[in-house]
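Residue numbers begin at 1 in each chain, while the letters A, B, ... track the order of the sequences.
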Amino acid sequence: MGHFLPSSPEERQKMLEALGLSSARELYRDVPDSVLLNGLLNLPEGLSELAVAEKMRGLAAENKQYKRILRGAGAYDHYIPSIVRYIPSKEEFLTAYTPYQAEISQGVLQSIFEYQTMICELTGMEVSNASVYDGATAAAEAAGMCKNRKRSVTLVSETVNPEVINVMRTYLYGAGTELKVVPAKDGRTDAEALKEMLSAETASFCFQQPNFFGQFEDAEKFIAAVKEAGAMVIMHCNPIALGLMKSPGELGADIAVGEGQPLGMPLAYGGPYLGFMATTKKYMRSLPGRIVGQTADADGNRAFVLSLQAREQHIRREKASSNICSNEALCAMTAGLYLAAMGPAGLKEVASQCLSKAHYLAAELAKVPGVSLAYSGEFFHEFVTVMPKAQEVLAALDGAGILGGLPVEGGLLWCVTEKASKADLDETVRIVKEVLA
Amino acid sequence: MKLIFERSKPGHALTILPPLDVERTALPAALLRESAPMLPELSETELSRHYTELNKQVYGVNDGFYPLGSCTMKYNPRVDEEMAALPGFTGIHPLAPKTATEGCRKVLELAASLLEEISGMDAMTFEPAAGAHGEFTGVLLIKQYHDARGDSARRKIIVPDSAHGTNPATAAMCGYEVINIASGEDGCVDLESLKAALGPDTAGLMLTNPNTVGLFDPNILEITRLVHEAGGLCYYDGANLNAIMGHVRPGDMGFDCVHMNLHKTFATPHGGGGPGAGAVGCKVFLAPYLPKSAMLDEPGHCQVRSFAGNFLVVVRALTYILTLGREGIPQASETAVLNANYLMKGLREIFTPAFDRLCMHEFVLDLSDYKKETGVSALDVAKGLIDFGIHPPTMYFPLIVHEALMLEPTETESRETLDEVAEIFRKVAELGREDPEYLHTAPHKAPIGRPDEVAAARSPILRA
């Protein structure tokens, strides 16, 4: 059996004796006899490090690692620079708690302050929090920020990732308020339907840019209408696309949220990921979660602290803006590190390569007889194809070590990142051709 | 320390991407951003130095004693990190076909079965990404249960005044009215207050046991019986599970659902404030209400996070549980309790325990008398400890103890360390008597002195 106790059984016995006890069981004398366990739990026997490593490696080996992943839908396979993978594994960053004791936590605090700054730059907003759990909970928390007694209805576009909509619905069910889905038309938000659904009860409208189908929403067309109706605009955006596309700040959104996973976090079967949230100064005090602020110590040295804590659960209890406590601090630091490693030119280039390679694959696939693109609008690095024998195509690609597009209503949702080479994409097209021939 | 933006030099960069090998696509001008984001420009050397410098200004569990009460800062085994970094786990797309994710699903199934056994529950979800997120999920189970029965009168959740702030905040997020009940003089639930609060409007009770003063509530079976009798359900906040693993189970105490902090009890690291994982377990009658990911399973279920949650945290926790096994799990808990009692004994002569009796995995010191005598507060003592190279305990929590310092040494500390720590507390206490001013302005040896938090809140500077 393995353990991590820095004491021997003899030492522990002596400690018990020092307490006037003869056995460890006496430590549990407040536990009612009827529920105090007598035997051991039905757990396996403990393992040595070598044995447990073998066991876990065996489990990992039961997964299939594709040589190329052409699937996104909320989780994106970007290249992670080596230094971005290495630095967060430093033990101090890794094993510290939330930085309550600022004097010995300046490294964590500063890394979050830098992250907040970069998120503000990326989104064009004024204030960022220190992160929430993921992009879906970020959208749900944002919807919560917008509601009040008079305005309690949240609108969300059907073109938002279904996982995000589902999480929003769950959070709003908790709060006992309504979520209404604005229908899509040709793969984008139906702006006319949205305008009809806006009312004096609308708290906010949430849309995704680029949307779940990869399409760019014609955001300028409906943002003004939402604001005119007195509701707030929540823009759920892809952080890599922000290297190129108009930011939430430029579009006049009130809250920017998104899934930060593309900024240096592996796919990892869904997590840990990172929810980013940024807003304007006006709504700063209703943001959920930690926020790091700059101040000074008595000697005038620059210092960072957890700030605006009057919003938070440990002070406000049932009146807090959210119950969030632990967030995704290490992922936030990773995102900051990724953005610093890429730099302004690097981020723009990643975005441009994703865009270009996705368009190359889309164009080549559309040349294959029987294959067409489901939607005609501008897109970023995801697009939907309509083709016969989609399951056979996916199976053939799978056989070649390629994870093809995700089956969604209406076709296959493909995603191409900078990791895919022209050769990978040509091979993909060749296989599709063969299956459909 | 310089900000990363202050290190930036035009043209400094890493070489990450190959040249583009297809024709470059341009977006229409209307979609393009007007101003480029101000991101720093650094070489890899500069980047490495910057974060290394930041890392030196962080105190982690590997640095030394970290008795942050309620946070279970135990040692985080390196092998857990290595397993979580296996490409066979990190490279798996959450929406890959089931045939390609056999290993990931086995990890979740195995971890679920082990945690069900430890907690005495029947079913489990790993969607919640942190403890508070687990609380939210657990209380949503309660809400769905009452709603499904059409029992809409149950609008209140009962929370003891000693609870973590996340408990009342969670209940409020789920649309419940929060009924705070006073603790008895012994720090445990006051049965009369509980009885008075219970009624046909009771949706449930949120409770941690051992409670936040580190005591196992001996009336626990009576408490859960009373709540059930009133038609409410019992939620177990697993924040303090590290005290009892393998000795007593929340499921046997009468709880209907529970969250477990994998980042505390099961040795996965805190990362300076996350990522964690708040696995939620429940009894079989609540299992139909557990969240299920929309795309992984049929839609329409409640879902609290995208995909399967913080999967790599589960990998770490599973590695840990498999290492300890059936004998190691209870041994970890009883050693945590032993260490807490041993340390309390060592400190009893220096500061007053809030409850001077056998404790579980943590205990609370009450520095009210010491403050009266010296003018030195719990905050001053905490800051003074920093100069002696240890992390301060949790301060001013729980709220029911004034001038509280809450210590949780965990099982991964040696007797020598605990003896040394008692000696450090003695020195700090003496220092407070001899030179209170020195402690009022402590720490003196940390990278910075006490920051001005009032100024930070009054005129917020939240970005560079």
Side-chain angles (χ1 to χ4, degrees), chain A residues 2-3 6 24 27 30-31 35 40 43 46 56 59-60 62-64 87 90-92 94-98 103-104 106-108 117 121 133 136 163 166 170 174 176 266 269-272 293-295 297 303 305 307 313-314 317-318 320 323 325-330 343-344 356 359-360 422, chain B residues 21-22 25 37 39 41 51 54-55 57-62 83 86 88 90 92 94 100 102-104 129-130 132 165 168-170 172 174-175 178 216 218 252 269 271-276 294 302-303 306-308 310-311 323 325-326 328 334 337 414 446 448-449 451-452 456 461 463-464:
Chain A
H3 71 80
L27 294 165
D30 285 336
V31 178
V35 291
L40 292 171
L43 298 173
M56 296 305 291
L59 286 167
E62 289 189 52
N63 291 319
K64 174 165 182 167
I87 283 177
K90 284 175 179 270
E91 280 184 313
E92 292 77 10
L94 187 67
T95 67
Y97 198 73
T98 301
E103 295 87 349
I104 46 173
Q106 285 299 296
V108 171
T117 305
E121 282 294 320
Y133 311 128
E163 303 252 338
N166 228 29
T170 302
Y269 198 57
Q294 182 184 316
T295 184
D297 68 7
V305 292
S307 196
Q313 46 79 24
H314 59 288
R317 298 177 78 83
E318 59 265 33
N323 73 343
C325 184
S326 284
N327 46 92
E328 304 289 305
L330 196 66
S356 304
H359 280 73
Y360 176 77
K422 181 173 180 292
Chain B
D21 56 1
V22 301
T25 306
L39 296 175
E41 296 178 72
Y51 281 96
L54 288 183
N55 190 53
Q57 297 199 9
V58 180
Y59 186 98
V61 173
N62 61 312
M83 296 304 107
L86 291 175
T90 60
I92 307 306
E102 197 87 358
C104 289
T170 297
C174 294
V178 178
F216 190 95
D252 298 339
C302 106
Q303 183 179 2
S306 58
F307 309 123
N310 282 345
F311 174 73
T323 302
R326 67 169 83 102
E334 69 196 37
V337 174
S414 67
I448 57 160
D452 187 344
I461 305 171
R463 54 155 299 173

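Put simply, the side chain of A:Glu92 never gets that close to the backbone of B:Gln57: no donor and acceptor are under 3.5 Å apart. Between the side chain of B:Arg326 and the backbone N or O of A:Leu43 there is at least one donor-acceptor pair closer than 3.5 Å. Side-chain atoms of A:Thr117 come within 3.5 Å of backbone N or O of B:Ala464 as a donor-acceptor pair.
For B:Ile448, the parts sitting under 4.5 Å from any heavy atom of chain A are the backbone and the side chain alike. Contacts of A:Val305 with chain B are made by side-chain atoms alone, with heavy-atom separations under 4.5 Å and no backbone atom involved. Both the backbone and the side chain of A:Ala60 come within less than 4.5 Å of a heavy atom of chain B. For A:Tyr97, the parts lying under 4.5 angstrom from a heavy atom of chain B are both the backbone and the side chain. A:Ile104 touches chain B through backbone and side chain together, each having a heavy atom under 4.5 Å away.
Ranked by non-hydrogen atom pairs under 4.5 Å with chain A, the options B:Gly271, B:Pro37, B:Gly328, B:Gly325 are led by B:Gly271. Per-residue counts of heavy-atom pairs under 4.5 Å with chain B were compared for A:Leu40, A:Leu94, A:Val35; the largest is that of A:Leu94. Top candidate by heavy-atom pairs under 4.5 Å with chain B, chosen from A:Gly176, A:Ser356, A:Ala24, is A:Ser356. If you tally non-hydrogen atom pairs under 4.5 Å between each of A:Gly46, A:Gly174, A:Ser326 and chain B, the highest count goes to A:Gly174. The residue among A:Lys64, A:Glu121, A:Glu62 with the most heavy atom pairs within less than 4.5 Å of chain B is A:Glu121. Of the listed residues A:His314, A:Met56, A:Gln294, the one with more heavy-atom pairs under 4.5 angstrom with chain B than any other is A:Met56. Between chain A and the options B:Ala172, B:Ser414, B:Ala446, heavy-atom pairs under 4.5 Å are most frequent for B:Ser414.
For the residue pair B:Pro168 and A:Glu318, the shortest heavy atom distance occurs at CB-OE1, 3.4 Å. For A:Tyr133 against B:Ala132, the heavy-atom pair with the smallest separation is OH-CB, 4.1 Å. Between B:Thr25 and A:His359, the shortest heavy-atom distance links the atoms OG1-CB, 3.4 Å. Heavy-atom minimum distance, B:Gly103 versus A:Asn63: N-OD1, 2.9 Å. Contact record, A:Leu330 with B:Pro275: CB-CD, 3.8 Å, taken as the closest heavy-atom pair. The nearest pair of heavy atoms linking A:Ser307 to B:Ala456 is OG-O, 3.4 Å.
Evaluation of the side chain to side chain donor-acceptor pair (under 3.5 Å) rule for A:Asn323 yields B:Thr170 as partners, not counting sequence neighbours.
Residues B:Pro451 and A:Glu103 meet the side-chain proximity criterion, which asks for heavy atoms closer than 4.5 Å.
Rounding to the nearest 0.5 angstrom, the gap separating the NZ atom in A:Lys422 from the CG atom in B:Asp21 is 7.5 Å. Rounding to the nearest 0.5 angstrom, the gap separating the CG atom in A:Leu59 from the CD atom in B:Glu102 is 10.5 Å.
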Exercise. Which is it for A:Thr95 and B:Asn62 under the side chain to side chain donor-acceptor pair (under 3.5 Å) test, yes or no, and what are the steps along the way?
Worked result: CA-CA 7 Å; A:Thr95 67; B:Asn62 61 312; 3.3 Å; yes

